[in-house]
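The model shown is predicted, which means the values in this text are computed figures rather than measured ones. Residue numbering restarts at 1 for every chain, and letters A, B, ... go by the order of the sequence lines.
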Amino acid sequence: MPELPEVETVRRGLNKMIIGQKITAIDILYDKIIVGDVDTFKEQLIDATIAYVGRRAKYLLFNFDNGLTMISHLRMEGKYQVRSKISDFDKHVHIIFHLSNGEYLGYRDVRKFGRMQLVDTNDVTKVKSIALLGPEPLTPEFTYQSLLEGLKSTRKTVKATLLDQHVVSGLGNIYADEVLWLAKVHPEQPANELTTQQVKDLHNGINEDIKKAIDAGGTTIRSYVDATGHSGEFQFQLNVYGRQGKPCKRCETIIEKIKVAGRGTHFCPHCQVLQS
DNA sequence: GTGTATGTTACCCC
DNA sequence: TGGGGTAACATACA
């Protein structure tokens, strides 16, 4: 599913394909994707030109030359596609942007969970969902100290805390399991009980894993492809996610799968021991 | 038909 | 109150 590395890969693909294109028309086939008034959304984007696609955590930021930004979250299965004919889109494409070069940018979302919201570019950081995000990996703001403070402030399980976008943003279920394995931390360990060394290992592991995943173009587990239609390659480097029943790559103990914070959670019962 | 999958928000409850 | 748990969103697939 799209977590930070997948969204970053989509962003890069979009920037190669649609920069400088003007929106000439928009077809909205499923209203609930759009946050706010659908007609206003259309009116404000017609004749606007796409200047640059940015990103904050898992949010794509389509910046237009008229001072507006479209905040787009892919949630579980959202994806963007560029096609030369509308008939090239299937029934799961709910929003179609007509571009000035004659091509079409489609938003496909089987589950319809994704959302798009149009705001003034100057106000993007004031939008609640963006404003409350914690620092993201690979930025100067994501420090050992910031992670330590986020973990120390709660008795929630460390896994739930890593998934909490206010502590560190951009991680989802796959990378949360991966970094816990890297740092040898049990997913159900209360966040405020981690040792200094474990927090350091988590901080390093998050940065390194996210960087490797971006370099690999993200992880394709179920359906993820980037804006150019390519799969990611990081699934071949996963250490625990989806490996239940298989031997741990460090110690050969069989990887287990349990439920933590309502999510499927994979860990090595030998490397990742619950400490009391 | 049933259970499971994932991200985020809403909401109930102790 | 904070926070834990879970439903809801909508669909595909084993």
Side-chain angles (χ1 to χ4, degrees), chain A residues 1-11 28-36 55-61 71-80 89-95 107-117 127-134 136-137 149-180 187-193 210 213 218-226 231-232 234-235 238 240-245 255-267 274:
Chain A
M1 311 313 108
E3 304 178 34
L4 192 159
E6 291 75 38
V7 178
E8 173 61 16
T9 306
V10 170
R11 186 192 74 78
I28 298 177
L29 307 168
Y30 185 79
D31 287 358
K32 288 172 74 175
I33 303 274
I34 308 297
V35 176
R55 180 185 61 76
R56 175 69 174 97
K58 303 176 193 172
Y59 293 86
L60 287 167
L61 306 172
I71 303 173
S72 168
H73 197 298
L74 306 173
R75 293 285 183 96
M76 317 276 252
E77 304 220 30
K79 38 190 65 76
Y80 283 97
F89 293 125
D90 73 5
K91 65 171 182 174
H92 298 301
V93 173
H94 309 300
I95 316 281
Y107 175 72
R108 181 174 190 269
D109 190 342
V110 170
R111 306 287 287 280
K112 302 178 181 171
F113 284 177
R115 293 293 180 264
M116 298 175 190
Q117 180 179 9
V127 174
K128 211 173 180 182
S129 53
I130 303 276
L132 297 178
L133 289 172
E136 64 178 87
E149 283 163 24
L151 292 169
K152 283 294 175 199
S153 66
T154 178
R155 297 167 58 188
K156 283 194 288 189
T157 62
V158 61
K159 165 125 184 191
T161 309
L162 291 178
L163 291 173
D164 181 347
Q165 304 296 306
H166 309 126
V167 174
V168 49
S169 58
L171 296 183
N173 204 38
I174 297 172
Y175 298 108
D177 280 5
E178 291 296 310
V179 300
L180 286 168
E188 289 180 299
Q189 194 74 42
N192 61 354
E193 291 179 5
I210 292 295
T219 302
T220 295
I221 291 292
R222 291 159 62 84
S223 67
Y224 163 78
V225 290
D226 69 15
S231 297
F234 195 69
Q235 60 274 21
L238 294 178
V240 277
Y241 186 87
R243 299 195 70 252
Q244 64 272 21
I255 299 295
E256 290 182 11
K257 181 177 181 182
I258 58 175
K259 215 163 202 81
V260 181
R263 303 288 157 200
T265 298
H266 315 71
F267 75 107
L274 195 57

Side chain of A/Y241 only, please: which of C/dC9, B/dT6, C/dT11 is the nearest? B/dT6
For a quick check of understanding: with a heavy-atom distance under 4.0 Å over all strands, which category does A/T157 fall into, base, sugar-phosphate or nothing? nothing
Quick one: A/L133 CG to B/dT9 C1', roughly how many Å, whole number? 14 Å
Hey, is the side chain of A/K91 poking within less than 4.0 Å of OP1 or OP2 on C/dA12, counting only N and O atoms? yes
Proximal nucleotide (of C/dT11, C/dG3, C/dC9) relative to the A/T154 side chain: C/dG3
Quick one: is A/Q165 getting a side-chain N or O under 4.0 Å of the B/dG7 phosphate, OP1 or OP2? no
Check this for me: does the side-chain of A/R115 come within 3.5 Å of the base of B/dG7 through a donor and an acceptor? no
Nearest-nucleotide check on DNA chain B, A/K257 vs A/R263; residue mapping nearer the 5' end is A/K257
Could you check whether any side-chain N or O of A/T9 sits under 3.5 Å from a backbone N or O of A/P5, counting only pairs where one atom can act as donor and the other as acceptor? yes
Can a donor-acceptor pair under 3.5 Å be found between the side-chain atoms of A/R155 and the base atoms of C/dT1? no
Closest of B/dT6, C/dT11, B/dT8 to the A/N173 side chain is B/dT6
Atom pair distance, as rounded to whole Å: CG in A/D164 and C1' in C/dG5: 15 Å
Given Watson-Crick or G-U pairs with both distances under 3.5 Å, what dot-bracket string fits DNA chain C, with | for other-strand pairs and [ ] for crossing? .||||||||.||||
Starting from P on C/dG5, measure out to CD1 on A/I258 and report it in whole angstrom. 12 Å
Is it true that a side-chain atom of A/R55 and a backbone atom of A/A57 form a donor plus acceptor pair closer than 3.5 Å? yes
Tell me: CG of A/D109 to P of C/dA12, nearest whole Å? 12 Å
Calculate the interatomic distance between A/L163 atom CG and B/dT8 atom P; express it in whole Å. 9 Å
Rounded distance (Å) that lies between atom C1' of C/dG2 and atom NE2 of A/H166: 14 Å
I'd like the P distance from C/dT6 over to B/dG3, given in whole Å. 15 Å
Which of parallel (below 30°), tilted (30 to 60°) and perpendicular (above 60°) describes A/Y59 and A/H73? perpendicular
Assess the side chains of A/D90 and A/H92: does a donor N or O sit below 3.5 Å from an acceptor N or O? no
Any side-chain N or O of A/K128 below 4.0 angstrom from OP1/OP2 of B/dT9? no
Looking at every strand, decide which applies to A/G264 at a 4.0 Å heavy-atom threshold: base, sugar-phosphate, or nothing. sugar-phosphate
Quick check on C/dT11: is either OP1 or OP2 less than 4.0 Å from any side-chain nitrogen or oxygen of A/K112? yes
Check this one for me: any side-chain N or O of A/K259 less than 4.0 Å away from OP1 or OP2 of B/dA5? yes
Check: A/E178 side chain, A/Y241 main-chain N or O, donor-acceptor pair, under 3.5 Å: yes
Test side-chain contact (heavy atoms from CB on, under 4.5 Å) on A/D177 and A/L238; report intermediate values, then the result. CA-CA 10 Å; A/D177 280 5; A/L238 294 178; over 6 Å; no
Using a cut-off of strictly less than 4.0 Å, decide whether A/H73 has a side-chain nitrogen or oxygen near OP1 or OP2 of B/dG7. no
Using a 4.0 Å heavy-atom cut-off, does A/G172 contact any base of the nucleic acid, only the sugar-phosphate backbone, or nothing at all? sugar-phosphate
Assess the side chains of A/Y80 and A/S72: does a donor N or O sit below 3.5 Å from an acceptor N or O? yes
Could you check how far CZ of A/R108 sits from C1' of C/dA12, rounded to whole Å? 11 Å
Salt bridge or not for A/K152 and A/E149, using N-O below 4.0 Å? no
Less than 4.0 Å between a side-chain N and a carboxylate O, is that true for A/E6 and A/K58? no
Spacing of A/E77 atom CD relative to C/dC9 atom P, expressed in whole Å: 18 Å
Determine if A/F113 stacks with C/dC9; use a centre-to-centre distance below 5.5 Å and an interplanar angle below 30° as the criteria. yes
